[in-house]
Structure formats: structure tokens, C-alpha cells
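Chain identifiers are assigned alphabetically (A, B, ...) following the order of the sequence lines, protein sequences preceding nucleic acid strands; residue numbering begins at 1 within each chain.
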Number of protein chains: 2
Amino acid sequence: MFDAAESPTESAPSPLLCAGGSQPATSHRLESLLSGLPLQRRRLRSRQYVFHAGQPRQHLYLVHAGFFKTCLGSEDGRERITGFRMRGDLLGIDSLDLASHSCDAVALDFGEVWEIPVAQLQNGLPGFQECLTAALANEIRRDWSWMLALATLNAEQRVVTFLLDFAVQMERLGFSPRCLLLRMSRADLANFLSLQLETVARVLSRLQGRGLIDVARREIRIEDRAGMLALLSGLH
Amino acid sequence: MFDAAESPTESAPSPLLCAGGSQPATSHRLESLLSGLPLQRRRLRSRQYVFHAGQPRQHLYLVHAGFFKTCLGSEDGRERITGFRMRGDLLGIDSLDLASHSCDAVALDFGEVWEIPVAQLQNGLPGFQECLTAALANEIRRDWSWMLALATLNAEQRVVTFLLDFAVQMERLGFSPRCLLLRMSRADLANFLSLQLETVARVLSRLQGRGLIDVARREIRIEDRAGMLALLSGLH
DNA sequence: CGATAACTTGAAGTTCGTCAATATCCGTGG
DNA sequence: CCACGGATATTGACGAACTTCAAGTTATCG
């Protein structure tokens, strides 16, 4: 059943956008690993916190439905969204070795998470530890890829990269990759992309003006994926 | 000896600069865990690669001496330094679940790394898996903290943050926290801080002009730590 | 249906990047 | 040991991209 536990099969993933990323294998495996267990489920409404930074860390959470964001704050009030999380993603892995959470996790709409009793499963459930390790390493690679993007791309390219990446993830979840419904506000999106919300709005308008996308508030239709990819290659 | 294996003791760490960070406990524990084992050691000279992105991942590496950088590249030639690594840091954890490395690891000067046969130790060495998990989670928190810094601080504040953070790390390694010897070029530093090397040079000169630091090429003496911290608080 | 939040758009301002010239260091070889 | 050349670092002037401030529009929720 899990004889492949020790044999990683994929080569290093290219940063973002690579359709067949390494995320699916892992997260699907985790979901199926856990699906039999009687896990506590928590439903949340928009803006509800799964946990706050500083709260004692009891368990991990697996996102089963809905969209979430994780946010890091500093003493002097600066804030940054560290990622948008969706079905199959884990909330709380960043503080797996700590007594309390190091970030906030907030629902962006209605959602459901499964409480995972880590300590028990690490010993009792074969393959679970491997999943955890994979999820952690995956998060690191994902963070690094975004750091690279933020460091080297201009505002337009960042937005395009985000949209195309989001499309890939939506497709992975079984939705259309052309018709995106952003769950986050412009402010959240801007924060994640290290831009001002006005800049994001302007870029979206500009992309629409060129016929690359169709924007209606938080609904975004991708009209010309090739054209968007061209923007990333620098061939304006 | 290691009865504390299952009890995380620290609360969530504040981003950067917090002197008593969570890194030391972990890395020291890993070093002592491994110190008895007959590990393969590799000495490297400046600019030598520990591994390249894409190479098959055989083992992990523990930095025992010297300084290293890890770099992520993209197909179109963009590059970003994901971190500077020193004694006690692990090289290669980011691809723990993959068959090949996802980044480069390069020596910045003479150095030594220990080859860690992960698969064997994960089963055979009690406490090792916990160390790995802690190192992974630690890397995520560190990455997030830098993302926050890069997203919210201006050029001057970024450089100051880096210097103060570097000082803390040097002190942890037993060196003076006032007298820093940067092992990386201005270009590397700029890359890591998402700035241009000219900007870094200018900022360093400006800080020196105000008497906050003393710059001599790669030797930097911290003259007024309080003044530097004030810059971060926004009270110019 | 009104009020508040979310978003869009414009104009002015600032920081940082770009280009270019110069200076300094360091290793190599004469 | 010194001289030379390439790498590394500093400094200046200019311009561009993004931010800031402000006003106006459109949704959303009580």
C-alpha cells in the first residue's frame, strides 16, 4: 500500500505555474490517509479565525472546504499575508515545533477544517510523518518561489503570475481554470504581492484593456493565457 | 539526555532580531545528536557547490564551518538567494521529499559540511525526526519573517535589519556582535534584500555618514545599535 | 434603502533602479 | 616584490515605476 513511502518520484519543481506541481500528490495522500479517521470538524464563516498567533498550538488543521489566509504580524503593526490556503492545505505547520502558533489563520469565506491530532498520528499512522515532512518542504519551496517572483517581477508580472498560479490551483481542485473567483479583497491581494491595492486595481484594469482578462469585481475571466505568459517572458 | 524531545518550550518567536530565537536549541541539539556518528565530511572552498539544483538528492548536509548561500533559479534566468547558511544550519531540507535538489548550495568561503544519511537516521536515531521537523518549520518562519521585512521596509531599514540579524547570529556562534565580517558580496546582499547593489552601497555609506556603523569593504562595525533600532521604529 | 466597505481612477511625489564613471582591492604572474 | 588586470565597490545624475493622497463610483449588508 505505501511501499513508495521512501521513494520520492518527482524531480525538483520549477517555481510557480508548473501545472503538475508536487502539491497534489502530497495533499491527496494526506486526505485519503485521514479520511477514515473520526476527526473533529470545524465550520467557519468569513473573517473567523482558525487560530491566532500566540495561541497555544493544539492540533494541525487540514482545509477541507473554503479559502483561508495565513498572516504574519510584527510588534510594530506591520502585517503580511504568508499565503492563501485551500482544500488540501495544512494550517499550522509553521509552528509544528512550538508551543504556540506563529501566525493567524483566517477564513475568507465559509469553510471547514479538520482538526488533526499530530502527536498521536505521528506515531500511530504509517505514512503520516512523511506527509508532514512533504508538506513542510513544499511550503518552503512555495515561499521561495514567491520570494523570487516578488524580487524579480514588476507589478504587472506579479499580478499575472498570481492569476495564472491561481488558475492552476483552481483546476487542481476541479474548477474551471478560465473563470476565477478571487476570495480575497484587493487589499489582501496587494499585501500578498507586496504592492498597494491601487496598483493592483490599476494593473487589472490595464490587463482588461488589453483583452487579456475580464474583470468584474472579484470574478476574473482569463481571456488570453498565452498573452499573459508572454508578459512574463518579457516580450511585451 | 534528551527527555525534552516532545515538549516544545518556546512561544512563537517574534520575526527577526529577537535574540533568543528558536534556532539555537534546535541546531545545537542536532549537532550533539550527530556528533558521535561517523559522518562523511566534505571540505569546500569559496564558490564550490555543495549541490546544484536538479542533482539527485542523496543526503542532507549540516554546515559545520564556513558560510554558504542557497540560491533558487528560474528557467528564464532570474535568480534569488534564499538564505545565507552557517554553522548548525541544514542544507537541502527544502527538497527532503523530492528525488532531486530544488536549489543550489554554494560556499562563500572555506567551509565544511557533514553528510547526513537521512533515511537511515529517521528510523534509527531517536530525536532525529523531531530535529528535522523543527528545522523545516524554522525555515518557514524565517522565510516568512524576511518576506514581511522585504514587503514593509524601505532600503535603509532592510539593510539595518539584516545587519542586526547578522549580528545576533554571529553572537550565537561565539563571535563579537559589534564587528561583522560579511562573507557575501554586495551583489549577493542586494539580491537577498531585493535591492540593487548600488542601493546597498549607498545605504551603507549613508549609515556610516550618520555614525551608526563603520564600513570597510566587507568589515562592518556596529557603532550605534540603538540608533539603528530607532530607524526600524520609524522615528527617524 | 441607506450607510459603510470595497473598488476604481487621476495627479503629484518619492524612492529606488539604471546607466555611467571612478576608485579600490586582490590575486596572478612577471 | 611590485605591477598589472579583473573583480568588487563607491558615487553621481537621471528617469521610471510605484506609492501616496484624494475624489468618485459601485457593491454589500444591516
Side-chain angles (χ1 to χ4, degrees), chain A residues 45-48 67 69 78-81 106 108-110 149-163 180-210 213-220 231 234 236, chain B residues 45-47 69 78-81 106 108-110 149-163 180-210 213-220 231 234 236:
Chain A
R45 290 186 305 179
S46 189
R47 290 157 203 250
Q48 271 193 306
F67 285 75
K69 63 177 177 183
R78 293 174 290 127
E79 263 194 31
R80 174 134 212 288
I81 292 172
V106 193
L108 291 173
D109 56 1
F110 291 90
L150 299 182
T152 56
L153 303 180
N154 62 29
E156 206 164 272
Q157 294 171 317
R158 289 185 209 177
V159 172
V160 168
T161 300
F162 177 84
L163 292 176
L180 310 179
L181 177 58
L182 303 184
R183 276 25 186 242
M184 69 292 294
S185 67
R186 293 286 187 271
D188 281 345
L189 189 46
N191 179 298
F192 181 68
L193 295 177
S194 294
L195 297 170
Q196 294 307 115
L197 62 89
E198 294 96 328
T199 305
V200 172
R202 261 184 275 264
V203 166
L204 289 175
S205 301
R206 206 185 312 156
L207 294 175
Q208 183 173 32
R210 291 191 219 142
I213 61 177
D214 193 58
V215 183
R217 205 101 178 144
R218 295 193 184 178
E219 287 169 38
I220 295 188
L231 271 185
H236 309 228
Chain B
R45 290 187 304 178
S46 189
R47 290 154 202 253
K69 63 176 177 183
R78 293 175 291 128
E79 263 196 29
R80 174 136 211 287
I81 292 172
V106 192
L108 292 173
D109 55 1
F110 291 91
L150 299 183
T152 55
L153 303 180
N154 63 28
E156 206 165 272
Q157 294 171 318
R158 289 185 209 178
V159 173
V160 167
T161 301
F162 177 84
L163 291 177
L180 310 178
L181 178 56
L182 303 184
R183 273 33 183 238
M184 69 293 292
S185 67
R186 294 285 187 270
D188 281 346
L189 189 45
N191 179 297
F192 180 68
L193 296 178
S194 293
L195 297 170
Q196 294 308 113
L197 61 90
E198 294 95 329
T199 304
V200 172
R202 260 186 276 266
V203 167
L204 288 175
S205 301
R206 207 184 311 157
L207 294 175
Q208 183 173 34
R210 291 193 219 140
I213 61 176
D214 193 59
V215 183
R217 205 100 179 146
R218 295 191 183 180
E219 287 170 39
I220 295 188
L231 273 184
H236 305 234

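Residue pairs meeting the salt bridge (charged side-chain N to carboxylate O under 4.0 Å, His left out) criterion with at least one member in residues 190-209 of chain B, sequence neighbours excluded, are B/Glu156-B/Arg206.
Read 5' to 3', the first and last nucleotides of DNA chain C with an atom closer than 4.0 Å to a heavy atom of chain B are C/dC16 to C/dC25.
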Show which side-chain atoms of residues 188-197 of chain B pair as donor or acceptor with protein atoms under 3.5 Å away, not counting sequence neighbours.
| from | atom 1 | to | atom 2 | distance (Å) |
| --- | --- | --- | --- | --- |
| B/Asp188 | OD1 | B/Lys69 | NZ | 3.1 |
| B/Asp188 | OD2 | B/Lys69 | NZ | 3.2 |
| B/Asn191 | OD1 | B/Ile81 | N | 2.8 |
| B/Asn191 | ND2 | B/Glu79 | O | 3.2 |

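Atom CG in B/Leu197 sits roughly 15 Å away from atom P in D/dA7 (whole-Å rounding).
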Classify every nucleotide of nucleotides 13-30 of chain D by which part a protein heavy atom approaches to under 4.0 Å, writing B for the base, S for the sugar-phosphate alone and - for neither, in 5'-to-3' order. B----SBBB-----S---
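No side-chain donor-acceptor contact under 3.5 Å links B/Ser46 to the backbone of B/Phe110.
Remark: B/Asp109 pairs with B/Arg183 by the salt bridge (charged side-chain N to carboxylate O under 4.0 Å, His left out) rule, at least two apart or across chains. With sequence neighbours excluded, no residue forms a side-chain hydrogen bond (donor to acceptor under 3.5 Å, both in side chains) with A/Thr199. Taking the side-chain hydrogen bond (donor to acceptor under 3.5 Å, both in side chains) definition, one finds that A/Glu219 meets it with nothing, sequence neighbours left out. For A/Arg217, there are no salt bridge (charged side-chain N to carboxylate O under 4.0 Å, His left out) partners, not counting sequence neighbours. Looking at residues two or more places apart in sequence or on another chain, you find no side-chain contact (heavy atoms from CB on, under 4.5 Å) involving B/Arg47.
With distances taken from any side-chain atom of B/Arg47 to the nucleotides D/dT8, D/dT11, D/dA9, the minimum falls on D/dT8.
Axis deviation across the helix from C/dC1-D/dG30 to C/dG30-D/dC1 amounts to 50°, comparing end segments of five pairs, rounded to 10 degrees.
Taken from OG1 in B/Thr152 to CD in B/Gln157, the straight-line distance is 8.0 Å, to the nearest 0.5 Å. For the atom pair CG of A/Leu180 and CG of A/Leu163, the computed distance is 6.5 Å after rounding to the nearest 0.5 Å.
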